[in-house]
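To keep things clear, I will list the structure first and then write my remarks on it.
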Amino acid sequence: MDEPRGAATRAARLVETGVALLCRLGALLGALTGLICFVLVCASVGWRYFLGQPQPWIDHVAAWLVVGLVMFAAGETQRREEHIGVEVLTARLAPSGRRASRLFGSAAVAVTAAILLWEGLSTVAFSRMIGIATNVEGVPIWWVQTLIPIGAGLLLAAALAQIIVLACGIEPRGPESKAHHGVPGGRVE
């Protein structure tokens, strides 16, 4: 299907491409945090069970890395449309109904991400103001909490890019086509 031409379409694709790069970078950081978490947990098991020297700081850091993994990957997951959805219903809709449903879903994600971003920034500011520290010496809690507004910002950017693209009457680009979401009886455009 040919895309409509025009300045709005080109601008929407430019925004979408920029956001895709940011989200992919976030996904890469998420993958790296997952790998580091895996290595640290393996090291912790070795120290605890083979050397008899447990390292409790690793448990704390591993939990923070899991938060980082989730928050860094949230934007890319939204961009790929891989969040949980009700495809059994939306796949049966006509293309205009599916577009409206996707617009509504992206708007709901954008509002949720904006709230998470605002609250995350407020939490970081409060923690910095009163100087709360973690159980790991020398690590302030706001360092860990900063992961939340970063992830919320990526999620918000991905949702807004989808809204812009859908509002221009074009389909968001993703790694694969999800026209029927694998649902039996789902429509294929």
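These numbers come from a predicted model, not from an experiment.
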Check: [X] side chain, [Y] main-chain N or O, donor-acceptor pair, under 3.5 Å:
X      : Y      : answer
Ser106 : Leu103 : no
Gln162 : Gln78  : yes
Thr134 : Val139 : yes

Grab the two heavy atoms, one from [X] and one from [Y], that are nearest each other, plus how far apart they are.
X      : Y      : result
Ser101 : Leu93  : CB-CD1, 4.1 Å
Ala161 : Val15  : CB-CG1, 4.3 Å
Met71  : Leu147 : CB-O, 3.4 Å
Pro140 : Gly138 : CD-O, 3.4 Å
Gly30  : Leu69  : O-CG, 3.5 Å
Leu155 : Ala74  : CD1-O, 3.6 Å

- Item | Residues Val124, Trp143; criterion side chain to side chain contact (heavy atoms under 4.5 Å, CB included); working and verdict | CA-CA 8 Å; Val124 168; Trp143 288 2; over 6 Å; no
How many angstroms lie between [atom1] in [X] and [atom2] in [Y], if you round to the nearest 0.5 Å?
X      : Y      : atom1 : atom2 : value
Ile58  : Cys37  : CD1   : SG    : 10.0 Å
Thr146 : Leu121 : OG1   : CG    : 8.5 Å
Ser122 : Ile148 : OG    : CD1   : 12.0 Å
Arg99  : Ile170 : CZ    : CD1   : 8.5 Å
Leu14  : Arg10  : CG    : CZ    : 10.5 Å
Thr9   : Ile164 : OG1   : CD1   : 12.5 Å

Mind checking whether [X] and [Y] sit in one hydrophobic cluster, side chains of I, L, V, M, F, W, Y counted as touching below 4.5 Å?
X      : Y      : value
Leu21  : Leu154 : no
Trp142 : Val144 : yes
Leu160 : Val109 : no
Ile150 : Val67  : yes
Ile132 : Met129 : yes

Are the side chains of [Y] and [X] in contact, using a 4.5 Å heavy-atom criterion?
X      : Y     : value
Leu40  : Ile36 : yes
Arg102 : Glu81 : yes
Asp59  : Arg48 : yes
Thr33  : Trp64 : no

Quiz item: Are the charged groups of Glu16 and Arg79 less than 4.0 angstrom apart, N to O?
Solution: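 The answer is no: the pair does not qualify as a salt bridge.
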Would you call Glu171 and Arg98 a salt bridge, taking side-chain N to carboxylate O under 4.0 Å as the test?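 Between Arg98 and Glu171 there is no salt bridge, as every charged N stays at least 4.0 Å from the carboxylate O atoms.
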*So, Ser44 and Gln55: side-chain donor and acceptor under 3.5 Å apart, yes or no?*
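On atom types as modelled, these side chains do not qualify, holding no pair under 3.5 Å.
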